[in-house]
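For reference, the structure discussed in these notes is given below.
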Amino acid sequence: MDLLASAVPPLIAWYEKNKRDLPWRRDRDAYHVWISEIMLQQTRVEAAKGYYLRFLERFPDVFALARADEEEVLKAWEGLGYYSRARNLKKAAERIAAEGAFPQTWEGMRALPGIGDYTAGAVLSIAYDLPYPAVDGNVLRILTRLLADGSNIDDTATRRRFSALLKEVYPVQAGEFTQALMELGALVCIPNGDPLCLACPWQGLCRAKREGRQTEYPVRAEKRARKVVPVDVNVLTAHGKYAIEKRPAKGLLSGLWQFPLGAAPPGGALIETQRARHVFTHVEWEMTGRLVRLEEEIPPYVWVTAEELKEKYALPSAFKPFFGWLK
Ligand code: SF4
């Protein structure tokens, strides 16, 4: 039996004994798996728990999500970032609701907005026990260690190759196996610091451990440095209201509300300035915030009270440093 195939049974046995009790593991409902996987792509497990439970309270099933207002969905997503994911969730929910149920084929899943190979594999295997792997950076880390494989894991070809290798060994308990791989990466074969090999079900099999080279894997391409962009943020206030506007429909934070950016409109009284920084995946904003009082509520902005702004409008967390000015 090849190494990968012989690694399956001990991993599943380990998972049965060691899996964490997480809110999305209480059943195998496809909607639950899908929402949790999308959230977990950007948020740590501990932080995602609260978001997940609140999201389900608000949108208990795919039909409720399909019916919801987009602004309401974005509001529930506030703080998780990557709002395009929330928009895609809503679009995909509309399609699933129109069909009456989740697709149970690879093609059907992949055709849904925002569902890539990873999420399609996660939902199909966890919810339906279909043999489709969900390969992300965590799974690549543990597999490259197990096999002492020095391929660059940022290369799509590497991901495809590991996906194909895994597919060959997928057991009938596909959902357990997918989750066991994720759990091993989260609890034992961890990304930072030394992996906890003495607690690992693969300690007798792992090539990297045998060679004492665990921390040399995975091999990654060098990351490009983030671009630093100066951004002027204007918190304009008039008669107890604040100006907001929508960002363009394309690009970073597309279609979300923001405080007006750029030069402040003329004629206002500068009350205070504050600096802040926000790190996105590929850029970093170095912000200079200005609180400016105006005589009147000028166009083209939408003017709202502080309460309305916090309750109804999903402002990205990049702008949170200036919320202290809202009265
Ligand atoms: S033995 Fe160590 S390096 Fe190998 S898979 Fe287990 S935790 Fe990772």
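When a ligand or atom number is given, it counts from 1 through the structure's own listing order. FYI, the numbering just counts along the sequence from 1. Nothing here was measured: the structure is a model prediction, and the numbers come from that model.
Tyr170 and Phe177 have their aromatic ring centers within a separation under 6.0 angstrom. The six-membered or imidazole ring of Phe280 lies near that of His278, with a centre-to-centre distance under 6.0 Å. Here the two rings, on Phe319 and Phe323, have centers that are 6.0 Å apart or farther.
Less than 2.8 Å away from atom 6 (Fe) of ligand 1, the protein contributes these N/O/S atoms: Cys200 SG.
Pairs engaging residues 124-135 under the side chain to side chain donor-acceptor pair (under 3.5 Å) rule: Arg28-Asp129, Ser125-Thr178 [sequence neighbours left out]. Among residues at least two apart or in separate chains, there is no salt bridge (charged side-chain N to carboxylate O under 4.0 Å, His left out) pair with a member in residues 164-173.
In this view, Arg277 and Glu284, Glu286 satisfy the side-chain hydrogen bond (donor to acceptor under 3.5 Å, both in side chains) rule, not counting sequence neighbours.
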